[in-house]
Amino acid sequence: MKQQIVQILTQVVQQLKNEGVLPEEASVRINVENTRDKAHGDLATNLAMMLTKLAGQPPRTLAEKIVSVIESLADRGAIEKVEIAGPGFINFFMKDDAKFAVVEQVLTQQADFGRCNAGQGRSVLVEFVSANPTGPLHVGHGRGAAYGASVANLLEVAGFDVSREYYVNDAGRQMDILATSVWLRYLQLCGEELTFPSNGYKGDYIFEISEELRREHGETLRKPAFEVFTGVCADEGQTDGDKEKHIDDLIAKAKNLLGAHHYETVFSLALNTILGDIKEDLEGFNVTFENWFSERSLMESGVVDAALEKLQQAGKIYEKGGALWFRSTEYGDEKDRVVVRDNGLKTYFASDIAYHFNKLERGFDILIDVWGSDHHGYIPRVKAAMQAMDTNPEALQVLLVQFAVLYRGGEKLAMSTRSGQFVTLRELREEVGSDAARFFYVQRKSEQHMDFDLDLAKSQSNENPVYYIQYAHARISRVLEQAAEKGLALDLEKGMASLEKLELEAETGLAVQLAKYPETIARAAVAYEPHQIAYYLKDLAHGLHSYYNACQFIVDESEVRNARLTLISAVQQVLKNGLAILGVSAPEKM
RNA sequence: GCGCCCAUAGCUCAACUGGAUAGAGCAUCGCCCUUCUAAGGCGAGGGUUUCAGGUUCGAAUCCUGAUGGGCGUGCCA
């Protein structure tokens with residue numbers, strides 16, 4: 001319907017140009033909106049107000065001209081009535097039968113209803129979560145997971161060719177700290193007396209992995225504690241202590257005493273256990289990836305070196321203080337960035353440059369990174385690197401997610417992976433369920449700060465609006481089932497043919513609401529805003545509940561009955577489609 | 001200090017990206033189950049959109065400044 005109005009208005013603008021009211025060369029953007037208030041009709045345009053400057057006439061006079069042109073048209077499509085209102089809005093009232101046409105569309109397209117081709121098949125790589133595999137996911141990661149997964153689904157429906165990827169940071173110091181932590185716990189299990197480093201990973205999961213290590217390898221990896229700790233810099237809290245130096249020395253000792261092969265054994269057990277746990281956790285959260293991309297593979301395949309070489313050749317690398325620096329300031333970054341440290345080790349940034357370059361080389365048109373907003377300062381340097389390597393920095397879209405601030409009993413919770421004090425995603429899922437958690441996270445705009453009250457989420461889970469939507473879906477199932485039980489099963493063909501029997505306000509309201517679904521998808525997709533879907537679904541569910549209370553669906557008169565059941569079937573389909581984008585189930589029963 | 005993000009009902013958030021009387025949920029108060037699921041519906045109260053200017057037919061939305069909060073500002077990842 002909206003498209004129809006746009007077409008008509010395009011004709012009108014041409015007509016006004018012909019009449020000399022508007023300059024011939026003027027380009028006009030025609031804007032048709034859904035009205036908020038029923039008194040303003042179904043659709044409205046601000047065209048007259050937009051043109052007032054171009055035409056040099058007051059908006060209301062222009063509006064009258066526009067309306068008279070529309071009224072002179074032979075074919076006015078589904079327009080029932082046109083009105084001028086307020087400062088110069090033109091309101092369109094549409095014919096009812098045109099409003100119900102969408103019901104048939106929904107029921108024939110089913111799961112495909114709402115799909116559009118905004119993406120034109122362009123390939124997009126959505127990278128999200130990508131949490132370091134040094135511990136279980138916590139509720140902070142949950143938001144990125146829920147958001148990223150929903151954005152990916154949304155883009156898919158909007159006609160993009162989507163791949164989802166998790167970047168596994170399986171190289172670097174944090175992983176060494178993890179492996180060393182596991183090994184030290186293992187030594188303790190073997191009976192060695194030692195003080196655990198203040199900077200090591202202290203969570204319970206470390207004990208579990210070290211127990212596993214002991215089960216698999218007995219005491220073959222055991223070394224005397226005094227040997228491990230001799231020559232190691234003191235830990236924080238002791239005289240001349242330095243926690244960073246302390247842990248680095250321990251890592252060196254672990255590598256040294258164990259030897260490359262055995263160190264690798266500990267390292268991979270830790271990595272694989274945690275990664276396996278993360279995968280399982282995300283699957284339980286209805287979040288899946290096409291690809292798990294290893295940072296180590298990037299290093300080992302020489303992609304990082306190749307990328308640095310490329311920058312070097314472009315003259316964007318220089319040496320200072322024994323380290324290699326990338327001239328990111330040339331592309332607007334605040335300062336140049338180190339890519340190779342004076343100890344010869346490549347920085348995380350170096351592999352990230354390579355990673356993004358690699359993504360484009362794999363042929364993706366658009367790269368989407370979902371990051372925690374604490375990494376926002378990182379964007380300019382990555383874009384700088386892309387520019388320096390002659391790739392289009394516009395291809396990269398970084399979506400920032402504010403981390404949720406957790407509250408329990410009205411108090412803010414501090415969270416840190418290192419200290420092992422955090423609420424895990426798994427815990428949250430088990431308490432409130434995957435559906436409620438997914439919805440809760442995605443209800444808010446991603447860049448909006450979010451307060452996550454655990455008590456509320458857990459204890460009052462029934463108040464989570466996801467149930468409201470699911471309830472609408474289940475209710476419809478039940479009604480259709482009841483009708484069938486009474487021998488009055490929905491006859492779709494008959495129902496479609498009887499849609500003109502629907503004349504209640506709630507019924508046209510629902511139809512109008514259904515028609516808004518495709519445009520909601522399109523708008524949400526280009527803005528990367530899945531919360532719009534959440535709000536849409538709440539509205540639609542409200543429409544359904546309201547309708548449910550307003551009248552009986554299973555009535556004797558077969559035309560009315562079939563028409564009503566047809567309408568609610570369409571509503572059910574759209575609820576299901578929308579929930580699928582959010583990764584939430586659509587239950588038949590509740 | 002500098003940079004980025006944010007500020008809307010008592011609380012948590014929307015507002016079709018500049019449109020008409022700023023809307024929902026929770027909380028509070030009334031009403032509705034002999035009717036297809038009450039995890040529901042109907043209604044009431046609640047606002048100087050942090051503040052001060054500016055841009056224009058029109059501002060919660062854009063610009064400037066102030067105030068308050070979050071984050072960043074490593075040869076960490």
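Residue numbering restarts at 1 for every chain, and letters A, B, ... go by the order of the sequence lines.
- Checking B:G3, B:U35, B:A38 against every side-chain atom of A:Glu334, the shortest atom distance belongs to B:G3.
- Nearest nucleotide to the A:His531 side chain, out of B:A15, B:A20, B:A39: B:A15.
- The partner of B:U12 is B:A24, judged by Watson-Crick or G-U wobble contacts that both fall below 3.5 Å.
- Looking only at atom types and distance, the side chain of A:Tyr348 has no donor-acceptor partner in the side chain of A:Gln174 under 3.5 Å away.
- B:G40 atom C1' lies 11 Å from atom CE of A:Met590, rounded to whole Å.
- Regarding the sugar-base torsion, B:U17 falls in the syn class, its angle being within 90° of 0.
- Each of A:Lys486 and A:Thr35 was matched to the nucleotide of RNA chain B holding its nearest heavy atom; the match closer to the 5' end belongs to A:Thr35.
- The 5' end of RNA chain B is approached more closely, in terms of each residue's nearest nucleotide, by A:Gln532 than by the other of A:Gln532 and A:His545.
- Using a 4.0 Å cut-off, some side-chain N or O of A:Lys445 falls inside it from OP1 or OP2 of B:A15.
- Whole-Å rounding puts the A:Asn34 CG to B:G19 P distance at 13 Å.
- Between B:C42 and A:Ser546, a contact under 4.0 Å exists linking OP1 or OP2 to a side-chain N or O.
- Distances from the side chain of A:Arg36 to the nucleotides B:A20, B:G40, B:U17 place B:A20 closest.
- One interatomic measurement links the two molecules: CD of A:Glu33 to P of B:G58, which rounds to 18 Å at whole-angstrom precision.
- Between A:Tyr548 and B:A38 there is a side-chain polar atom (N or O) within less than 4.0 angstrom of OP1 or OP2.
- Using Watson-Crick or G-U wobble geometry with both donor-acceptor distances under 3.5 Å, B:A59 finds no partner in any strand shown.
- Within 4.0 Å of A:Gly321, counting heavy atoms only, lies at least one base atom of the nucleic acid.
- Under the Watson-Crick or G-U wobble criterion, with both distances below 3.5 Å, B:A38 is left unpaired in every strand shown.
- Among the heavy atoms of the strands lying under 4.0 Å from A:Lys320 is at least one base atom, whether or not backbone atoms are also near.
- At least one side-chain nitrogen or oxygen of A:Tyr468 sits closer than 4.0 Å to the OP1 or OP2 atom of B:G41.
- To the nearest angstrom, P of B:C76 lies 9 Å from CG of A:Asp248.
- In this structure, A:Ala44 reaches the bases: a heavy-atom distance under 4.0 Å links it to at least one base atom across the strands shown.
- Computed from coordinates, the A:Arg478 CZ to B:G40 C1' distance equals 16 Å when rounded to whole Å.
- B:G19 has no base stacking with the ring of A:Phe89 when judged by centroids under 5.5 angstrom apart and an interplanar angle below 30°.
- Considering only the side chain of A:Tyr535, B:C13 comes nearest among B:G41, B:C13, B:A20.
- We find that CG of A:Leu47 is positioned 18 Å from P of B:G18, with the value rounded to whole Å.
- A donor-acceptor pair is defined here as one N or O able to donate and one able to accept, closer than 3.5 Å; such a pair exists between the side chain of A:Arg561 and the backbone of A:Val555.
- As judged by a 4.0 angstrom heavy-atom cut-off over every strand, A:Glu485 is placed among residues making no nucleic acid contact.
- In this structure, A:Lys335 reaches the B:C75 phosphate: one of its side-chain N or O atoms is under 4.0 Å from OP1 or OP2.
- Applying the 4.0 Å criterion to OP1 and OP2 of B:A38, one finds that A:Arg475 has a side-chain N or O inside that range.
- Remark: B:U64 base-pairs with B:A52. Criterion, Watson-Crick or G-U wobble with two distances under 3.5 Å.
- Nearest to the side chain of A:Tyr471, among B:G40, B:G19, B:A77, sits B:G40.
- For the pair A:Leu62/A:Val21, a side-chain contact is recorded, criterion being any heavy-atom separation below 4.5 Å from C-beta on.
- Anti is the glycosidic conformation of B:C29, whose angle departs from 0 by more than 90°.
- Contact annotation: A:His542 side-chain N/O to B:C42 OP1/OP2 distance is under 4.0 Å.
- Heavy atoms of A:Glu319 sit nowhere under 4.0 angstrom from any nucleic acid atom.
- Within 6.0 Å of the NZ atom in A:Lys245, the count of heavy atoms belonging to other residues, nucleotides or ligands does not exceed 12.
- With hydrogens and angles ignored, a donor-acceptor pair closer than 3.5 Å exists between the side chain of A:His376 and the base of B:G3.
- Of the candidate nucleotides B:C76, B:U17, B:A14, B:C76 has the atom lying nearest to any side-chain atom of A:Arg173.
- When heavy atoms are screened at a 4.0 angstrom cut-off, A:Ala527 is found touching base atoms of the nucleic acid.
- Following rounding to the nearest Å, A:Trp371 (CH2) and B:G70 (C1') show an atom-to-atom distance of 19 Å.
- Counting any heavy atom pair closer than 4.0 Å across all strands shown, A:Gln552 reaches a base atom.
- B:C4 atom C1' lies 14 Å from atom NZ of A:Lys383, rounded to whole Å.
- Donor-acceptor pairing under 3.5 Å, judged by distance alone, is present between the side chain of A:Asn91 and the base of B:A20.
- The residue A:Ala474 sits close to a base: some heavy atom pair falls under 4.0 Å.
- Partners of A:Lys494 according to the salt bridge (charged side-chain N to carboxylate O under 4.0 Å, His left out) rule, which considers only residues two or more places apart in sequence or in another chain, do not exist here.
- By the 6.0 Å and 45° rule, A:Arg444 stacks over the aromatic ring of A:Phe440.
- A donor-acceptor contact closer than 3.5 angstrom is absent between the side chains of A:Gln532 and A:Thr520.
- Judged by distance alone, with hydrogens and angles left aside, A:Asp374 brings no side-chain donor or acceptor close enough to the base of B:G72 to form a pair under 3.5 Å.
- At a threshold of 4.5 Å between non-hydrogen side-chain atoms, the residues A:Leu575 and A:Ile476 count as touching.
- Considering only side-chain atoms of A:Asn132, the nucleotide from B:C36, B:A20, B:A77 that sits closest is B:A77.
- The listed nucleotides are B:A77, B:A20, B:U35; the one nearest the side chain of A:Gln174 is B:A77.
- Between A:Arg341 and B:C75 there is no side-chain polar atom (N or O) within less than 4.0 angstrom of OP1 or OP2.
- Classification of the A:Phe326-A:Tyr331 ring pair by plane angle, with boundaries at 30° and 60°, yields parallel.
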